[in-house]
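Residues take their numbers from the sequence shown, with the count starting at 1.
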Amino acid sequence: MIKANLQPLLNIRFIASEHSTGKTHGGRIDSLGFDENHCPVILEYKRLVGENVINQGLFYLDWLLDHKAEFKLLVLDSLLLYLHVDPATALPVLANARDVTNIGHWGTGNLEVILTSQADLDAVKSFIMAAYQGRAISVS
């Protein structure tokens, strides 16, 4: 539930879940993403509080600093599209999209869509065609 709502709640783009930190670090990051500035975001979900939570966060920060190239590859595995489509028609249908009308994407389209799988592409295909053909799309 949190993973599916990272974008609307925290403005974080989801990249991976249960991401392995490898043999050396030997951990798993609950959720990995990036923010609107394309900076890495590591999310750990905890029910308890204590010093171990802080230690784990510092541990993952160390991992991130040692694995910048790996993080970049994870980000590159997703495709970011900007479409000239009315976000009001697409947002109720596309979970992997957001309205960027007023946040500095002048001339590139008002709808930002992130594609990480064939299913994502299939879901957005009609919007890509509508943007290409310069026509509005109706959602039913």
All heavy atoms of L111 vs all of A90, minimum pair found to be CD2-CB, 3.5 Å

Heavy-atom closest pair (A123 atom, L94 atom, distance to 0.1 Å) is O-CD2, 3.4 Å

Taken to the nearest 0.5 Å, the spacing of D122 CG from L115 CG works out to 10.0 Å

ask   = Should L81 and I114 count as side-chain neighbours, where that means a heavy-atom distance under 4.5 Å?
value = no

Interatomic distance, CZ@F71 vs CH2@W63, rounded to 0.5 Å, equals 8.0 Å

- Query: Can you get from I12 to L61 by hopping between Ile, Leu, Val, Met, Phe, Trp and Tyr side chains that sit under 4.5 Å apart?
  - Reply: no

Counting only heavy atoms not in L65, do more than 12 fall under 6.0 Å of its CG? yes

For A97 and V113 the tightest heavy-atom approach is CB-CG2, 4.0 Å

(message) Any non-hydrogen side-chain atom of L6 less than 4.5 Å from a side-chain atom of L43?
(response) yes

Determine whether Q56 and L58 satisfy the following criterion, side-chain contact (heavy atoms from CB on, under 4.5 Å), listing intermediate values before the conclusion. CA-CA 5 Å; Q56 188 175 15; L58 292 172; over 6 Å; no

Heavy atoms of P92 and P87 approach each other most closely as CD-O, 4.3 Å

* Are any of the side-chain heavy atoms of L83 and Y132 separated by less than 4.5 Å? -> no

d(R28 CZ, H19 NE2) to nearest 0.5 Å is 9.0 Å

Taking C-beta and beyond as the side chain, do I29 and T21 meet within less than 4.5 Å on heavy atoms?
yes

- Sidechain N-carboxylate O distance under 4.0 Å for R13, E112: yes

Taken to the nearest 0.5 Å, the spacing of D30 CG from I42 CD1 works out to 10.5 Å

- Find out if a path of hydrophobic residues (ILVMFWY) with successive side-chain heavy-atom gaps under 4.5 Å connects L9 to V41. yes

Rounding to 0.5 Å, atoms CD (Q133) and CD1 (I128) come to a distance of 12.0 Å

Worksheet item: Does a salt bridge link E70 with K68, judged by any charged N lying under 4.0 Å from a carboxylate O?
Response: no

Rounding to 0.5 Å, atoms CD (E44) and CG (L32) come to a distance of 10.0 Å

Of all heavy-atom pairs linking Y45 and S31, the shortest is OH-OG, 2.7 Å

Answer yes if Y60 and V53 sit in the same cluster of Ile, Leu, Val, Met, Phe, Trp and Tyr residues linked by side chain heavy atoms under 4.5 Å apart, and no otherwise.
no

